Engineer: 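Dropping the structure in here first, questions after.
Fair warning: this is a prediction, and the values are worked out from it, not measured in the lab.
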Amino acid sequence: RPGRALPRSLFLFRPPSESRMKETIGDGEAREADDELAELEEPEEGFSDPEGFEDDISDEELLGDILKDQPQEADGIDSVIVVDNVPQVGPDRLEKLRNVIQKIFSKFGKITNEFYPESDGKTKGYIFLEYSSPACAVDAVKNADGYKLDKQHTFRVNLFTDFDKYMTISDDWEIPPKQPFKDFGNLRYWLEDPDCRDQCSIIYESGDRTAILWNDIKEPVVIEERARWTETYVRWSPKGTYLATFHQRGIALWGGEKFKQIQRFSHQGVQLIDFSPCERYMVSFSPLMDTKDDPQAIIIWDVLTGQKKRGFHCESSAHWPIFKWSHDGKFFARMTQDTLSIYETPSMGLLDKKSLKISGIKDFSWSPGDNVIAFWVPEDKDIPARVTLMQFPTRQEIRVRNLFNVVDCKLHWQKNGDYLCVKVDRTLKGIQGLVTNFEIFRMREKQVPVDVVEMKEGIIAFAWEPNGSKFAVLHGEAPRISVSFYHVKNNGKIELIKMFDKQQANSIFWSPQGQFVVLAGLRSMNGALAFYDTSDCTLMNVAEHYMASDVEWDPTGRYVVTSVSWWSHKVDNAYWMWTFQGRLLQKNTKDRFCQLLWRPRPATLLSQDQLKQIKKDYKKYSKIFEQKDRLSQSKASKELVDKRRKMMEEFHKYREKAMRIYAEQKPKRLELRGGVDTDELDSNVDDWEEETVEFFVTEEIIPVGDQE
């Protein structure tokens with residue numbers, strides 16, 4: 001059979017020629033040899049199939065790689081699309097319409113034929129376009145469906161072959177099968193803790209063990225601990241609802257009181273993830289899975305259903321997250337060369353079906369409080385660098401700031417979006433090195449005024465106070481590093497509150513509630529720590545956690561953790577717990593400790609007026625908390641009080657049970673005692689008989705004297 005290889009056991013043997021044999025053994029001997037060979041010779045084996053043989057190997061199995069490339073029979077309609085909601089025009093405007101259609105749809109492939117049906121001298125509002133290949137037609141449907149031509153016309157694009165499918169749809173609506181409800185319990189149960197404790201996750205033993213802990217003043221309390229729960233690290237969702245774990249095959253989400261698996265997403269080789277602020281969507285990145293036709297490098301998932309919403313190609317993962325989300329999760333954006341693409345949810349399509357062309361765009365960032373994007377563009381010949389604030393979805397430019405002699409810019413939003421700081425590194429004539437300007441945009445004021453703070457020293461770190469109008473700057477060079485605290489005042493001025501010099505710090509960590517800040521000298525600065533109160537700019541405490549690599553504030557701003565991660569330093573791996581004032585509470589040493597992450601808290605549901613009222617009533621609540629604090633000062637006393645409280649509760653339960661039984665037996669007692677109620681001491685007073693009993697008492701006096 002053509003194409004079938006011979007078995008390895010078969011080989012070809014060519015016997016020597018007759019003349020060659022005669023030369024070797026002679027004529028007589030040759031004849032004898034011929035006779036012997038004739039007797040030994042067996043019939044020649046044939047390789048033809050016997051009669052009635054049925055071949056069980058299909059052509060696809062045998063020649064699959066060849067057959068897949070053979071031409072397919074087609075009638076040509078696979079390459080035809082139907083475009084609906086096209087403007088109805090007369091002959092005078094038909095040519096202009098053709099040019100517009102060509103410009104829009106030719107980007108998906110070569111158009112070989114087009115047909116504009118007409119009626120009463122006008123087009124009917126739909127057209128047919130034929131592409132050179134079915135792949136081009138599919139691409140056109142995927143990208144042009146929903147294209148907004150103008151306010152009255154939004155294209156609906158379908159394949160011509162889909163009409164048969166739509167015609168077979170039944171007119172009778174069938175109720176979809178009811179899906180069983182999965183109860184994962186209270187996903188926010190930790191917010192109801194009576195002691196107002198927070199949770200955190202830790203990874204130790206070089207990543208083999210993961211635990212979830214309650215943060216207790218005396219020592220952490222283990223809630224859940226598992227071996228090989230994750231293969232790399234873990235990540236909390238922005239509101240703390242889910243814990244994400246990483247695996248070679250994808251991502252798993254866990255939650256509820258017992259941390260059951262809530263959702264999983266299959267993405268081979270996933271390395272990075274990100275959540276939308278509303279926790280509705282998750283973005284995952286894998287360098288292993290990507291094809292030209294089906295992008296798989298970046299996938300956006302629906303967290304609730306687990307479904308893939310859309311895939312994207314990834315040219316580079318050097319800057320993560322590649323997609324940046326708006327504060328409400330309605331939009332997400334991506335920057336490529338000279339392009340800023342804004343997508344909208346839940347369709348995951350381009351906003352208004354087109355990207356923004358911004359020549360030379362370097363960086364962008366969403367406001368944490370509004371749907372506003374800030375982006376900056378470097379200088380180009382005689383055109384100055386500029387920072388632009390743009391409102392979405394209207395794409396209105398609300399502020400443009402031109403900058404000169406710019407080397408680099410960094411965008412820093414205040415947590416509530418009230419202010420934007422653009423750190424501008426510039427060069428000035430006659431001055432060596434860089435000069436830094438802090439351009440402060442006041443987002444809540446008309447026309448967005450800008451204030452400038454200039455610093456001629458090198459900038460090490462910058463950070464906004466999360467819930468306030470102050471910011472901190474580390475500047476200078478070791479060993480002469482200083483920290484400056486500034487206040488953005490309402491009168492349009494920026495005031496330097498105070499400057500502290502001789503700092504051993506390279507990082508700034510504000511409390512989530514503001515006011516308090518930790519200046520840390522991480523890694524190379526040996527873990528120097530300074531705790532400041534910015535309300536009066538006082539230094540509360542100076543401490544050290546040698547070789548500390550991370551600093552993490554808890555969500556309430558009451559505690560702060562410093563840690564030495566095994567991922568960055570192989571010895572002294574531990575995490576220490578401090579109060580916001582810098583008092584050391586705990587030293588927790590874990591074998592090959594890697595990571596600690598606090599569980600985030602969702603935004604409060606209380607209004608600003610309610611929060612102000614609570615602050616006014618601090619003294620009323622403080623008595624309750626002080627009593628709890630006194631009880632928690634000693635672990636032994638706390639256990640004793642808990643034991644006594646438990647015994648008292650058991651006694652009250654027993655007493656209530658006994659009283660109930662006693663009340664149920666009252667009719668029985670009355671029956672046995674002839675109707676006389678003896679339950680009370682003063683019952684049946686009239687039937688009492690009074691009897692006086694007298695006792696005769698004698699008195700004898702015995703004198704006691706000295707006896708000789």
Side-chain angles (χ1 to χ4, degrees), residues 64-119 121-150 152-167 289-298 310-315 334 336-343 347-359:
D65 55 339
I66 299 175
L67 292 176
K68 72 177 183 179
D69 295 330
Q70 73 177 358
Q72 300 291 327
E73 182 178 354
D75 52 10
I77 62 173
D78 292 339
S79 303
V80 178
I81 64 171
V82 182
V83 184
D84 203 356
N85 293 336
V86 178
Q88 299 181 17
V89 299
D92 55 332
R93 298 177 58 195
L94 181 58
E95 189 62 30
K96 184 178 180 180
L97 176 63
R98 290 178 185 271
N99 293 335
V100 172
I101 295 296
Q102 280 285 340
K103 183 178 179 180
I104 296 172
F105 287 91
S106 61
K107 65 178 73 173
F108 308 116
K110 183 180 179 181
I111 299 176
T112 59
N113 197 6
E114 58 184 7
F115 176 60
Y116 291 73
E118 296 182 7
S119 177
K122 281 189 175 182
T123 57
K124 288 188 174 183
Y126 60 89
I127 62 172
F128 299 88
L129 301 177
E130 182 178 1
Y131 283 94
S132 58
S133 69
C136 297
V138 172
D139 194 28
V141 171
K142 184 177 180 180
N143 292 282
D145 185 39
Y147 181 89
K148 192 173 182 179
L149 182 65
D150 53 40
Q152 287 79 29
H153 301 92
T154 300
F155 291 159
R156 303 300 303 178
V157 186
N158 292 281
L159 290 171
F160 186 79
T161 52
D162 286 343
F163 279 83
D164 290 337
K165 178 179 69 176
Y166 297 142
M167 291 298 292
M289 301 179 63
D290 204 8
T291 60
K292 184 178 180 181
D293 297 331
D294 185 18
Q296 296 281 340
I298 302 174
R310 185 172 176 181
F312 294 88
H313 294 294
C314 179
E315 291 78 16
R334 178 185 190 178
T336 53
Q337 186 175 1
D338 299 333
T339 303
L340 182 61
S341 301
I342 314 295
Y343 300 86
S347 66
M348 302 298 163
L350 271 174
L351 180 64
D352 296 333
K353 299 299 178 181
K354 58 184 178 181
S355 299
L356 285 170
K357 298 299 180 182
I358 307 172
S359 179

Engineer: Run the side-chain contact (heavy atoms from CB on, under 4.5 Å) test on Tyr131 and Asp139 for me, step by step, so that the C-alpha distance in whole Å, both residues' side-chain angles and the decisive distance to 0.1 Å come before the verdict.
Structural biologist: CA-CA 10 Å; Tyr131 283 94; Asp139 194 28; over 6 Å; no

Engineer: How close do Ala140 and Ile81 get, heavy atom to heavy atom, and via which atoms?
Structural biologist: CB-CD1, 4.1 Å

Engineer: How would you list, by chain and number, every residue that makes a ring pair (Phe, Tyr, Trp, His ring centres under 6.0 Å) with Phe105, sequence neighbours excluded?
Structural biologist: Phe155

Engineer: Who pairs with Thr154 by side chain to side chain contact (heavy atoms under 4.5 Å, CB included), at least two apart in sequence or on another chain?
Structural biologist: Lys148

Engineer: Checking side-chain contact (heavy atoms from CB on, under 4.5 Å) for the pair Val89/Lys96: CA distance, chi angles, key distance, verdict?
Structural biologist: CA-CA 10 Å; Val89 299; Lys96 184 178 180 180; over 6 Å; no

Engineer: Residues in side chain to side chain contact (heavy atoms under 4.5 Å, CB included) with Asp338, at least two apart?
Structural biologist: Ser359

Engineer: Minimum heavy-atom separation for Cys314 and Ala297, please, with both atom names.
Structural biologist: CB-CB, 3.8 Å

Engineer: Does Leu350 have any side chain to side chain contact (heavy atoms under 4.5 Å, CB included) partners at least two apart in sequence or in another chain, and if so, which?
Structural biologist: Ser341, Tyr343, Ser355

Engineer: With Asn85, which residues qualify under side-chain hydrogen bond (donor to acceptor under 3.5 Å, both in side chains), at least two apart?
Structural biologist: none

Engineer: Does anything in residues 98-110 pair up under salt bridge (charged side-chain N to carboxylate O under 4.0 Å, His left out), and if so which pairs, sequence neighbours excluded?
Structural biologist: Arg98-Glu114

Engineer: Please name all residues satisfying salt bridge (charged side-chain N to carboxylate O under 4.0 Å, His left out) with Arg93, sequence neighbours left out, ordered by chain then number.
Structural biologist: none

Engineer: Quick one: list whatever passes side-chain hydrogen bond (donor to acceptor under 3.5 Å, both in side chains) with Asp92, sequence neighbours left out.
Structural biologist: none

Engineer: Going by the salt bridge (charged side-chain N to carboxylate O under 4.0 Å, His left out) test, which pairs reach into residues 347-357, not counting sequence neighbours?
Structural biologist: Asp352-Arg395

Engineer: With sequence neighbours left out, write down each residue that passes side chain to side chain contact (heavy atoms under 4.5 Å, CB included) with Asp162, or none if nothing qualifies.
Structural biologist: Leu159, Lys165, Tyr166

Engineer: Would you please test Glu130 and Ile111 for side-chain contact (heavy atoms from CB on, under 4.5 Å) and show each step?
Structural biologist: CA-CA 6 Å; Glu130 182 178 1; Ile111 299 176; 6.0 Å; no

